[in-house]
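Here is the structure we will look at, set down as structure tokens.
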Amino acid sequence: MKKNIIAGFAAIMLLASCKNDKKILDSLADYNNSMEQKGYHFGDKLTLPNEVTKDAESISISFGDKETSSLTIDPKFFTLGDNPVTFNIKTKGGEILTQDATINVFAKNPEKKISYQIVAEYPHDSKNFVQGFQIEGNTIYESDGQNGSSQILKYTLGTTTPLASTKQPQEDFSEGSTIVGDKVYQLTWQSKKGYIYDKNSLKLLSEFAYPNVLGEGWGLTYDGKNLIASDGSKLLYFLDPANPSKLVKYIAVAGSSQAYDQLNELEYHDGFIYANVWQKPIILKINPENGEVVGTFDFTDIAKQNTKGSDDVLNGIAFKGENMLVTGKNWPKIYEVAIQ
């Protein structure tokens with residue numbers, strides 16, 4: 001009889017413990033769901049519900065191979081945008097509870113809507129599926145994509161006749177490109193390698209493998225020290241131009257209320273990174289120190305004049321002095337705009 005009483009008491013205690021654990025996890029889930037859309041900013045503290053903290057001996061958050069017991073949004077631990085994390089709770093009763101969640105971190109200041117005025121138009125070869133686009137002097141250097149017809153070429157602004165060009169192998173799909181000194185660097189989409197050319201002749205000099213973290217090649221630019229590459233995610237990767245297979249660092253990109261991914265063609269100018277968002281008529285102005293989007297350009301009107309299908313989208317950024325040149329895949333025009 002005594003054994004039955006003890007067993008019954010243990011069952012009651014276990015049931016109570018399970019109910020309490022469920023209450024903790026449900027309360028944590030409600031809190032995380034409510035904060036996922038609202039998001040956090042760096043320096044914010046997670047104010048977990050009392051139902052979670054009162055019975056917790058310790059709480060930690062793990063993210064990838066990192067773990068912290070600080071409930072503050074620290075840039076050393078979190079990135080801008082979505083952070084898939086796991087909450088680890090050790091209860092005062094010795095139970096270990098875990099729950100997956102997403103912590104969204106946004107920039108503190110709203111993105112500025114940057115206005116512009118079209119000041120000139122130039123012809124562009126509509127056969128070119130623009131992937132990389134830059135200007136030096138009056139010479140355009142362009143990476144032209146598509147399997148079987150990919151190439152790197154250069155021509156004088158105002159004309160469409162190549163001064164020099166080099167084809168890529170049939171299996172390659174050319175992507176972003178940029179100028180570094182007397183060389184041109186070019187990415188490929190899924191071949192996991194890039195090419196380096198002589199800037200004057202566009203003769204192929206060498207090739208390089210991507211660092212493992214770079215899933216695909218999308219956009220490419222140069223900040224005077226590092227190559228900066230995109231792979232279609234929210235991340236921008238800084239690579240060593242002397243050894244592009246080496247990752248220097250990466251940043252995540254977000255505005256004040258959303259993370260931005262699909263980052264494609266890139267350009268670095270006057271201390272900022274400019275990024276086209278694939279299949280959207282917008283260009284982002286990004287602080288390279290922390291990934292915060294400080295401004296956006298809306299090129300909807302220009303894109304409507306040149307976009308007939310799903311592929312011929314805005315995808316080309318270069319700077320001619322302080323004016324921006326923009327174009328797109330298979331567009332017949334290059335636009336010069338004065339930023340206001």
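One is the number of the first residue; the rest follow in order along the sequence.
Salt bridge Glu336/Lys320: present, at least one basic N to carboxylate O contact under 4.0 Å. A salt bridge links Lys333 with Glu121; the closest basic N to acidic carboxylate O contact falls under 4.0 Å. Using a 4.0 Å cut-off between charged nitrogen and carboxylate oxygen, Lys199 and Glu136 count as a salt-bridge pair.
The closest side-chain heavy-atom distance from Asn104 to Leu80 is not below 4.5 Å. Between Leu48 and Leu28, the closest side-chain pair of non-hydrogen atoms falls below 4.5 Å. Side-chain contact between Ile61 and Leu71 is present, with at least one heavy-atom pair separated by less than 4.5 Å. You'll find the side chain of Tyr122 stays beyond 4.5 Å of the side chain of Thr159, heavy atoms only. You'll find the side chain of Tyr335 reaches within 4.5 Å of the side chain of Gln305, heavy atoms only. Asn147 has its side chain out of reach of Glu171: every pair of non-hydrogen atoms, C-beta onward, lies at least 4.5 Å apart.
Judged purely by atom type and a 3.5 angstrom limit, Ser150 uses its side chain to pair as donor or acceptor with the backbone of Ser174. At least one donor-acceptor pair closer than 3.5 Å links the side chain of Ser201 to the backbone N or O of Lys203. A distance-only check finds no donor-acceptor pair linking the side chain of Glu216 to the backbone of Trp189 [under 3.5 Å]. Judged by distance alone, with hydrogens and angles left aside, the side-chain atoms of Ser27 form no donor-acceptor pair with the main-chain N or O of Pro49 at under 3.5 Å. Judged purely by atom type and a 3.5 angstrom limit, Lys167 has no side-chain atom pairing as donor or acceptor with the backbone of Gln151. Using a distance-only test at 3.5 Å, with no hydrogens or angles considered, no donor-acceptor pair links the side chain of His124 to the main chain of Ile334. For Thr307 (side chain) and Lys304 (main-chain N/O), no donor-acceptor pair under 3.5 Å exists by modelled atom type. Ser143 places a side-chain N or O within donor-acceptor distance of the main-chain N or O of Glu175, the cut-off being under 3.5 Å. The main-chain N or O of Thr188 is found under 3.5 Å from a side-chain atom of Tyr210 such that the two form a donor-acceptor pair. Side chain of Lys183 to backbone of Thr178: no donor-acceptor contact under 3.5 angstrom is found.
To the nearest 0.5 angstrom, Ile152 atom CD1 is 4.0 Å from Ser177 atom OG. From Phe133, atom CZ reaches atom NZ of Lys329 across 12.5 Å, with rounding to the nearest 0.5 Å. To the nearest 0.5 Å, the span separating CD on Gln186 from OH on Tyr195 amounts to 8.0 Å.
Checked against side-chain hydrogen bond (donor to acceptor under 3.5 Å, both in side chains), Lys127 has the following partners two or more places apart in sequence or in another chain: Asp125. Thr300 is linked by a side-chain hydrogen bond (donor to acceptor under 3.5 Å, both in side chains) to Asp298, counting only residues two or more places apart in sequence or in another chain. Taking Asp312 as the reference, nothing meets the side-chain hydrogen bond (donor to acceptor under 3.5 Å, both in side chains) condition, with sequence neighbours excluded. Residues satisfying the side-chain hydrogen bond (donor to acceptor under 3.5 Å, both in side chains) test with Thr53, not counting sequence neighbours, are none.
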Show which side-chain atoms of residues 220-233 pair as donor or acceptor with protein atoms under 3.5 Å away, not counting sequence neighbours.
{"unit_1": "Thr221", "atom_1": "OG1", "unit_2": "Tyr268", "atom_2": "N", "d": "2.9"}
{"unit_1": "Tyr222", "atom_1": "OH", "unit_2": "Gly224", "atom_2": "O", "d": "3.0"}
{"unit_1": "Asp223", "atom_1": "OD1", "unit_2": "Lys225", "atom_2": "N", "d": "2.8"}
{"unit_1": "Asp223", "atom_1": "OD1", "unit_2": "Asn226", "atom_2": "N", "d": "2.6"}
{"unit_1": "Ser230", "atom_1": "OG", "unit_2": "Gly219", "atom_2": "N", "d": "2.8"}
{"unit_1": "Ser230", "atom_1": "OG", "unit_2": "Leu263", "atom_2": "O", "d": "3.1"}
{"unit_1": "Ser230", "atom_1": "OG", "unit_2": "Asn264", "atom_2": "O", "d": "3.1"}
{"unit_1": "Asp231", "atom_1": "OD1", "unit_2": "Ser233", "atom_2": "N", "d": "3.2"}
{"unit_1": "Asp231", "atom_1": "OD1", "unit_2": "Ser233", "atom_2": "OG", "d": "2.6"}
{"unit_1": "Asp231", "atom_1": "OD2", "unit_2": "Tyr237", "atom_2": "OH", "d": "2.9"}
{"unit_1": "Ser233", "atom_1": "OG", "unit_2": "Leu235", "atom_2": "N", "d": "3.1"}

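In the hydrophobic clustering of ILVMFWY residues, with side-chain heavy atoms under 4.5 Å counting as a link, Ile114 and Leu284 come out apart. With hydrophobic clusters built from ILVMFWY side chains whose heavy atoms lie under 4.5 angstrom apart, Ile283 shares a cluster with Phe319.
For Lys234 against Asp261, the heavy-atom pair with the smallest separation is N-CB, 3.7 Å. Of all heavy-atom pairs between Ser165 and Leu153, the closest is CB-CB, 3.8 Å. Shortest non-hydrogen contact noted between Leu266 and Ile273 is CD2-CG2, 4.5 Å. Contact detail for Gly255 and Phe106: the closest heavy-atom pair is O-CB, 3.3 Å. The two residues Asn330 and Ser126 make their nearest non-hydrogen contact at ND2-O, 2.9 Å.
Within 6.0 Å of NZ on Lys192 lie more than 12 heavy atoms contributed by other residues, nucleotides or ligands.
Note on residues 39-82: no pairs pass ring pair (Phe, Tyr, Trp, His ring centres under 6.0 Å), not counting sequence neighbours.
Geometric assessment of Lys249 against the ring of Phe238 yields a positive cation-pi assignment under the 6.0 Å and 45° thresholds.
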Original post:
Given Glu51 and Lys23, is the salt bridge (Lys or Arg N to Asp or Glu O under 4.0 Å) satisfied, shown in steps?
Top reply: CA-CA 7 Å; Glu51 288 82 355; Lys23 186 177 180 181; 5.5 Å; no

